[in-house]
Amino acid sequence: MKIVINAASAKMGGAVTYITNVLRCLPGPESEYEFEVFLPPETAREQVGLARNVHLLVTNIGHASWWKRLWWEQITLRSHLHKTAVGLLFSTGNFGMFRCPVRQILLVCNALYFSKIYREVFVPRHTWSARVAFGLRRWLVRRSAESCDVVMTPTQALLDDLRPAVKVGKALVNPYGVAEEDFSPRPVEGATPAPGGGCG
């Protein structure tokens, strides 16, 4: 089965860390899965050692204006799904495809869109144009969540905040994981092991 991962907006920070770790944990060719991953060029350059069945599709759409990104996600990406035998779309950046022609999982990870405190305390301090932009993005996230097959959030708190605002069908909490090798003990250069190899 072919799976398309839309991470076209993963340009910096946690979004890059997330997609980098997801890609290096994807199952290999023996799984009979094929992955097509849309990434910004700067993020694609950081991906090394990926399995042969993971194919990176570089796009600059994540740097474009919001309406161009909306067109790309709703029209251009839809056309790509129709042209290829795709079984699943995984949208990682809060916004998904409306009436997606294949099954879709949407990761909603920006808690600001559904935080009551943020909307009541901070949004009123924004400029008029910023308030309009925030309202539009929040509407798009809500519409995306209502259109997908599965909504995924990294925390239960975010899912609890999302439910009153969105008619969520199937939803699950999938906490961000960590790579075990990042926490494996490493020898310190120049250090002398303690006698007996123990501590204390």
Side-chain angles (χ1 to χ4, degrees), residues 3-22 36-40 43 59-81 86 88-177:
I3 298 174
V4 171
I5 300 177
N6 177 15
S9 61
K11 304 183 294 293
M12 63 182 70
V16 174
T17 301
Y18 176 80
I19 193 61
T20 297
N21 284 290
V22 166
E36 291 186 345
V37 188
F38 286 95
L39 289 175
T43 305
T59 174
N60 281 305
I61 195 63
H63 295 281
S65 59
W66 68 267
W67 63 269
K68 287 184 178 180
R69 177 184 166 187
L70 181 63
W71 177 272
W72 183 87
E73 290 182 333
Q74 304 303 323
I75 306 299
T76 306
L77 182 57
R78 186 186 304 274
S79 177
H80 177 78
L81 298 182
V86 176
L88 175 71
L89 172 65
F90 176 30
S91 299
T92 68
N94 300 294
F95 305 105
M97 184 182 295
F98 306 154
R99 296 183 180 179
C100 186
V102 300
R103 292 181 63 81
Q104 178 180 201
I105 298 174
L106 174 67
L107 174 64
V108 177
C109 50
N110 191 336
L112 295 184
Y113 294 125
F114 302 101
S115 168
K116 182 179 180 182
I117 294 176
Y118 184 80
R119 294 198 312 275
E120 293 180 352
V121 176
F122 296 99
V123 172
R125 303 178 185 179
H126 295 172
T127 63
W128 178 84
S129 59
R131 292 198 300 272
V132 170
F134 176 83
L136 177 60
R137 289 194 298 270
R138 185 173 186 270
W139 180 85
L140 288 172
V141 176
R142 292 175 58 193
R143 183 74 178 85
S144 297
E146 291 172 348
S147 298
C148 69
D149 296 282
V150 179
V151 174
M152 187 166 69
T153 63
T155 67
Q156 185 65 49
L158 177 50
L159 181 57
D160 291 343
D161 284 343
L162 185 145
R163 285 189 184 279
V166 180
K167 295 178 181 178
V168 179
K170 187 173 182 179
L172 60 89
V173 176
N174 186 14
Y176 294 143

task: Could you tell me how the ring of F90 sits relative to the ring of Y18: parallel (under 30°), tilted (30 to 60°) or perpendicular (over 60°)?
output: perpendicular
Beyond-backbone contact of V141 with N110, side-chain heavy atoms, under 4.5 angstrom: no
- prompt: Backbone N or O of A10 within a donor-acceptor pair of the T43 side chain at under 3.5 Å?
  reply: yes
- line: What one should report as the nearest heavy-atom pair of T20 and V16 is OG1-O, 2.7 Å
field: Sidechain-backbone polar pair: S144 side chain, L140 backbone, donor-acceptor under 3.5 Å
entry: yes
message: Just so I know, are the side chains of L136 and W66 near enough to count as touching, which here means a heavy-atom distance under 4.5 Å?
response: yes
query: Quick check, are the ring centers of Y113 and Y118 under 6.0 angstrom apart?
result: no
Salt bridge (charged side-chain N to carboxylate O under 4.0 Å, His left out) pairs, two or more places apart, involving residues 68-77: R69-E73
Sub-4.5 Å side-chain heavy-atom contact between V166 and F114: yes
- line: In short, salt bridge (charged side-chain N to carboxylate O under 4.0 Å, His left out) pairs touching residues 89-109 with sequence neighbours left out are R103-D149
message: By the salt bridge (charged side-chain N to carboxylate O under 4.0 Å, His left out) test, which pairs, at least two apart or in different chains, include something from residues 129-147?
response: none
query: Are any of the side-chain heavy atoms of C148 and V150 separated by less than 4.5 Å?
result: no
query: If we only count heavy atoms from C-beta on, is the M97 to N6 side-chain gap below 4.5 Å?
result: no
